[in-house]
Amino acid sequence: QSFLSEALVVLSSSLKYKETLQAMANLAVPRLGDWCAIDIIEDSGPVSAALAHSDGAILKFAKELNQRYPVDWDAPTGAPNVLRTGRSEIYPVITDEMLLKAAKDSQHIDLLNKFKIHSALIVAIQARGQILGALTLIRSREHPSYTNADLVVAEELGRRAGLAIDNARLFEKSQSAVYARDEFFSVASHELKTPLTSLKLHSQMLKRGLIKN
């Protein structure tokens with residue numbers, strides 16, 4: 001409850017949700033895991049929004065690894081599957097066989113082994129029945145496996161993150177609508193001025209003609 005309260009403060013601190021999600025990922029490490037990754041769904045498709053690790057050197061290496069081996073968003077398990085279905089996944093123990101299956105080549109598996117991944121869970125980030133993203137938490141071999149109690153906390157965190165993203169996007173849409181309205185009135189005002197000016201001049205000419213007569 002203490003962690004979720006802190007997370008709520010972070011999530012409500014700004015309407016720039018990508019910065020907020022990174023702050024939330026930083027808060028989750030190391031309290032909920034050694035790793036925290038957040039992927040969100042944008043108009044162009046899923047993208048990585050935040051990544052945090054307890055070791056800065058490993059974090060830099062992980063970002064380079066993600067560029068070299070980008071996520072397969074059609075994968076049947078992991079974050080891609082959670083983004084499609086909204087169903088949480090928990091892996092109390094990540095075996096060598098599981099890593100081997102996830103690797104794209106022999107060099108990839110060698111790099112993954114350096115991370116000493118032990119346990120993982122992935123939950124959906126959602127609001128108003130819509131899946132907005134996925135939250136992934138990973139623990140290394142130095143820490144205990146994730147349990148269903150950890151999953152409950154992560155799912156609640158996902159719901160709160162979803163509300164933060166939803167509110168931020170609604171705010172962005174409202175601002176865009178206000179801008180579009182102001183732009184319309186500006187153009188309409190300009191277009192109306194031309195015929196009104198012409199009518200005004202014509203009216204003045206007619207008035208002068210009537211006075212002369």
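- The hydrophobic cluster containing Ile138 also contains Ile94, counting ILVMFWY residues as joined when their side-chain heavy atoms lie under 4.5 angstrom apart, directly or transitively.
- With a 4.5 Å cut-off on side-chain heavy atoms, Val123 and Ser88 count as touching.
- Contact annotation: the side chain of Asp39 approaches that of Ser48 to within less than 4.5 Å [non-hydrogen atoms, C-beta and beyond].
- Nearest heavy atom pair, residue Ala37 against residue Leu51, reads CB-CD1, 3.8 Å.
- Side chains of Thr77 and Glu89: no donor on one and acceptor on the other come within 3.5 Å.
- The closest side-chain donor-acceptor pair between His53 and Asp34, if any, does not fall under 3.5 angstrom.
- A salt bridge links Lys18 to Glu42: one of the charged nitrogens lies within less than 4.0 Å of a carboxylate oxygen.
- Contact between Pro92 and Ser145 at its shortest, heavy atoms only, is O-OG, 2.8 Å.
- Not counting sequence neighbours, the partners of Phe61 by the ring pair (Phe, Tyr, Trp, His ring centres under 6.0 Å) test are Phe115.
- Residues Leu100 and Ile117 share a single hydrophobic cluster, defined by chaining ILVMFWY side chains whose heavy atoms lie under 4.5 Å apart.
- Both Leu21 and Leu135 sit in one connected hydrophobic cluster of ILVMFWY residues. Membership requires side-chain heavy atoms under 4.5 Å apart, directly or through other members.
- Arg139 and Asp150 are joined by a salt bridge, as a carboxylate oxygen and a charged side-chain nitrogen come within less than 4.0 angstrom of each other.
- Closest non-hydrogen pair, Arg31 versus Glu6, comes out as NH1-OE2, 2.7 Å.
- Interatomic distance, Leu99 CG to Lys101 NZ, rounded to the nearest 0.5 Å: 12.5 Å.
- Atom CG of Leu121 sits about 5.0 Å away from atom CG of Leu137, to the nearest 0.5 Å.
- Glu156 and Arg160 are joined by a salt bridge, as a carboxylate oxygen and a charged side-chain nitrogen come within less than 4.0 angstrom of each other.
- Cluster membership for Leu163 and Val82, using ILVMFWY side-chain heavy atoms within less than 4.5 angstrom, is not shared.
- Met24 is connected to Leu32 through a chain of hydrophobic side-chain contacts under 4.5 Å among Ile, Leu, Val, Met, Phe, Trp and Tyr, so both are in one cluster.
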Assess the residue pair Ile41 and Gln130 against the criterion (side-chain contact (heavy atoms from CB on, under 4.5 Å)); give the C-alpha distance rounded to whole Å, side-chain angles, the decisive distance to 0.1 Å, and a yes or no.
CA-CA 10 Å; Ile41 300 174; Gln130 181 180 7; over 6 Å; no

